Participant: 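The structure's right below; bear with me while I get my questions together.
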Amino acid sequence: ELPKGSALREGRRALRRLQGRVSRLLDKAESKFTLEGLGMSGEVLATFDNLILPEPLKQQIRNDFQQFFKSREVYERYRIPWKRGAILIGPPGNGKTHTLKALINELGKPCLYVRSFKSDDETEQENISEVFKRARITTPSIVVLEDLDSMIDNKNRSFFLNELDGFQSNTGVIVIATTNHPKKLDPSILDRPSRFDRKYYFQLPAEPERLAYIAKWNDELQPELRVSDAAAQKVVSETEGLSFAYLKELFVAAMVQWMSSGGNGSMDDVILAQTELLRAQMKVKVSKDRTTQAELSVMPLKDFKLSDVSA
């Protein structure tokens with residue numbers, strides 16, 4: 001082993017650090033392209049037109065960010081810092097990621113999409129600093145922090161908050177975070193003014209959103225896989241408390257079941273049977289400290305499981 005402080009040892013360490021930076025930049029570029037719908041994963045381009053949310057929430061998010069980027073002169077005239085922090089809050093599978101993608105596609109600003117501040121060669125503090133440094137260089141820009149509650153802990157919180165609204169100016173930088181578990185976030189992040197001053201709450205889909213989601217699925221399927229309006233309405237009435245992600249799994253499982261039976265029978269019968277099975281297998285647990293949401297634990301449908309499903 002080379003002695004500490006030797007030039008060769010330090011050179012190797014510097015090379016590893018450089019390789020780590022290049023790798024992260026490639027990861028960031030890939031994430032950016034995925035967010036912008038440029039065909040890396042074959043996904044349909046995410047837009048506000050194909051985003052299913054309650055219309056007031058959708059319009060509020062869309063208008064807030066469009067207006068922000070149009071208002072730099074107004075902010076500067078009244079000496080208000082031209083920056084913004086926003087956080088999308090709600091249980092998983094209810095459209096937060098789709099909303100992020102639609103925003104990035106519509107706004108057309110440089111975006112850094114960050115899943116973690118951990119790496120092999122740099123400290124979390126160094127990586128946090130790197131993210132915000134790059135965002136400041138490319139302003140106006142957007143920093144996306146997916147699952148913020150899993151990224152920030154007691155060791156890096158103070159440094160993160162200093163980058164967010166400390167000595168450095170973040171003029172023209174929007175930080176958009178998501179969380180499935182807001183109670184895991186320290187109040188200094190969630191409640192302090194000037195950090196995340198916009199909070200958007202994503203509830204489990206109500207009946208109109210579930211019906212719209214099923215209609216969207218129907219439109220994209222071959223005729224033999226579509227369900228009737230009557231069956232769709234029945235599914236809607238039987239799926240209260242399910243996220244978009246679980247609705248997606250329900251339909252995929254039903255299609256697999258229909259195909260495994262050789263395509264015999266009505267898709268209406270298959271989807272209704274799968275819905276009944278899902279309801280029988282679902283366990284709803286309401287925590288004592290949660291009054292507005294239910295945690296869903298769903299067993300596999302007919303031994304079929306779709307992993308990592310997102311709406």
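It should be emphasised that the depicted structure is a prediction, and the values quoted were computed from it without experimental measurement.
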Participant: Atom OH of Tyr246 and atom CG of Leu204: how far apart are they, to the nearest 0.5 Å?
Facilitator: 10.5 Å
Participant: Atom NZ of Lys70 and atom CZ of Phe65: how far apart are they, to the nearest 0.5 Å?
Facilitator: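 Interatomic distance, Lys70 NZ to Phe65 CZ, rounded to 0.5 Å: 14.5 Å.
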Participant: Do Asn105 side-chain atoms and Ala46 backbone N/O form a donor-acceptor pair below 3.5 Å?
Facilitator: yes
Participant: Output the distance between atom CZ (Arg192) and atom CG (Leu164), rounded to the nearest 0.5 Å.
Facilitator: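 Interatomic distance, Arg192 CZ to Leu164 CG, rounded to 0.5 Å: 10.0 Å.
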Participant: Mind running side-chain contact (heavy atoms from CB on, under 4.5 Å) on Thr239 and Leu247 for me, showing each step along the way?
Facilitator: CA-CA 8 Å; Thr239 53; Leu247 287 175; 3.9 Å; yes
Participant: Check for a donor-acceptor pair, side chain of Arg136 on one end and backbone N or O of Asn170 on the other, with a separation under 3.5 Å.
Facilitator: no
Participant: Going through the distances and angles, do Ile214 and Val235 end up as a side-chain contact (heavy atoms from CB on, under 4.5 Å)?
Facilitator: CA-CA 9 Å; Ile214 292 172; Val235 171; 3.7 Å; yes
Participant: Side chains of Ile52 and Phe244, heavy atoms from C-beta outward: is any pair under 4.5 Å?
Facilitator: yes
Participant: Within the 4.5 Å heavy-atom criterion, are Ile142 and Leu112 side-chain neighbours or not?
Facilitator: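 When only atoms from C-beta onward are counted, Leu112 and Ile142 do not touch, as no gap falls below 4.5 Å.
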Participant: Does Arg279 use its side chain to pair, donor to acceptor, with the backbone of Glu238 at less than 3.5 Å?
Facilitator: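 Checked: pair present.
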Participant: Distance from Ser228 atom OG to Leu272 atom CG, nearest 0.5 Å?
Facilitator: 7.5 Å
Participant: Should the heavy atoms of other residues, nucleotides or ligands under 6.0 Å from CD of Gln60 be counted, would the total exceed 12?
Facilitator: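 Enclosed.
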Participant: Are any side-chain N or O atoms of Trp82 and backbone N or O atoms of Glu73, one a donor and one an acceptor, separated by less than 3.5 Å?
Facilitator: no
Participant: Do other residues, nucleotides or ligands put more than 12 heavy atoms under 6.0 Å from the CG atom of Asp219?
Facilitator: yes
Participant: Between the side chain of Lys96 and the main-chain N/O of Pro91, is any donor-acceptor distance below 3.5 Å?
Facilitator: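 It does hold such a pair.
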Participant: Do Lys248 and Tyr213 come within less than 4.5 Å of each other through their side chains, counting heavy atoms only?
Facilitator: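 They are in side-chain contact.
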Participant: Could you measure the distance from the CD atom of Gln203 to the CD1 atom of Ile89? Nearest 0.5 Å is fine.
Facilitator: 10.0 Å
Participant: In the single-linkage hydrophobic clustering (I, L, V, M, F, W, Y; side-chain heavy atoms under 4.5 Å), do Ile137 and Val143 co-cluster?
Facilitator: no
Participant: Taking the side chain from Arg226 and the backbone from Asn218, do they hold a donor-acceptor pair closer than 3.5 Å?
Facilitator: yes
Participant: Side chains of Phe202 and Thr99: does their closest heavy-atom pair fall under 4.5 Å?
Facilitator: yes
Participant: So, for Lys199 and Leu190, which heavy atoms are closest and what is the spacing to 0.1 Å?
Facilitator: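 In this case the closest contact between Lys199 and Leu190 is CE-O, 2.7 Å.
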Participant: Could you tell me whether Glu224 atom CD has more than 12 heavy atoms of other residues or ligands within 6.0 Å of it?
Facilitator: yes
Participant: For a quick test of reading the model, state the closest non-hydrogen atom pair linking Met267 to Leu225 and the distance between them.
Facilitator: CG-O, 3.3 Å
Participant: Can you tell me if Ser129 uses its side chain to pair, donor with acceptor, with the backbone of Gln125 under 3.5 Å?
Facilitator: no
Participant: Are Lys155 and Glu124 close enough for a salt bridge, meaning some N to O gap below 4.0 Å?
Facilitator: no
Participant: Within the structure provided, determine whether Thr171 and Thr139 are in side-chain contact (heavy-atom separation under 4.5 Å).
Facilitator: no
Participant: Before giving the answer on side-chain contact (heavy atoms from CB on, under 4.5 Å), spell out for Leu161 and Arg157 the whole-Å C-alpha distance, their side-chain angles and the decisive distance to 0.1 Å.
Facilitator: CA-CA 6 Å; Leu161 294 177; Arg157 184 186 304 115; 3.9 Å; yes
Participant: To check you understand the geometry: which heavy-atom pair defines the closest contact between Pro92 and Ser243, and what is its length?
Facilitator: O-CB, 3.7 Å
Participant: Count the heavy atoms of every other residue, nucleotide or ligand shown that sit under 6.0 Å from NZ of Lys184, and state whether that count exceeds 12.
Facilitator: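 No, the 6.0 Å shell around NZ holds no more than 12 heavy atoms from other groups.
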Participant: Are the side chain of Gln66 and the backbone of Asn63 linked by a donor-acceptor contact shorter than 3.5 Å?
Facilitator: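 No: the side chain of Gln66 does not pair with the backbone of Asn63.
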Participant: Side chains of Thr178 and Ile87, heavy atoms from C-beta outward: is any pair under 4.5 Å?
Facilitator: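 The answer is no, as the side chains (C-beta and beyond) never meet within the 4.5 Å cut-off.
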Participant: Using every non-hydrogen atom in the two residues, find where Ser141 and Ala135 come nearest and quote the distance to one decimal.
Facilitator: OG-O, 2.8 Å
Participant: Do Thr47 and Glu106 have a side chain donor and acceptor closer than 3.5 Å?
Facilitator: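 No pair is found: no donor N or O on one side chain lies under 3.5 Å from an acceptor on the other.
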Participant: Between the main-chain N or O of Arg84 and the side-chain N or O of Asp197, is there a donor-acceptor pair closer than 3.5 Å?
Facilitator: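 Judged by distance alone, no pair lies under 3.5 Å.
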Participant: Is there side-chain contact between Phe117 and Ile152, with heavy atoms separated by less than 4.5 Å?
Facilitator: yes
Participant: Say whether Asp165 and Ser194, considering side chains only, have a donor N or O and an acceptor N or O under 3.5 Å apart.
Facilitator: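 On atom types as modelled, these side chains qualify, holding a pair under 3.5 Å.
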Participant: Between the main-chain N or O of Val74 and the side-chain N or O of Ser71, is there a donor-acceptor pair closer than 3.5 Å?
Facilitator: no
Participant: Could you walk me through whether Ile271 and Phe251 pass the side-chain contact (heavy atoms from CB on, under 4.5 Å) test, one step at a time?
Facilitator: CA-CA 7 Å; Ile271 193 70; Phe251 267 78; 4.2 Å; yes
Participant: Taking NZ in Lys58 as the centre, count heavy atoms belonging to other residues, nucleotides or ligands within less than 6.0 Å. Is the count above 12?
Facilitator: yes
Participant: Looking at Leu51 and Gly95, what are the two nearest heavy atoms and their distance?
Facilitator: CD1-O, 4.2 Å
Participant: Identify the two heavy atoms, one from Ala86 and one from Phe196, that lie closest to each other, and give their separation to 0.1 Å.
Facilitator: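 Closest pair (atom of Ala86, atom of Phe196, distance): O-CD2, 3.4 Å.
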Participant: How long is the gap from CG on Asn94 to CG on Leu88, to the nearest 0.5 Å?
Facilitator: 12.0 Å
Participant: Is there side-chain contact between Glu240 and Arg210, with at least one heavy-atom pair below 4.5 Å?
Facilitator: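 Yes, close enough: below the 4.5 Å cut-off.
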Participant: When you check the side-chain N and O atoms of His98 and Asn50, is any donor under 3.5 Å from an acceptor?
Facilitator: yes
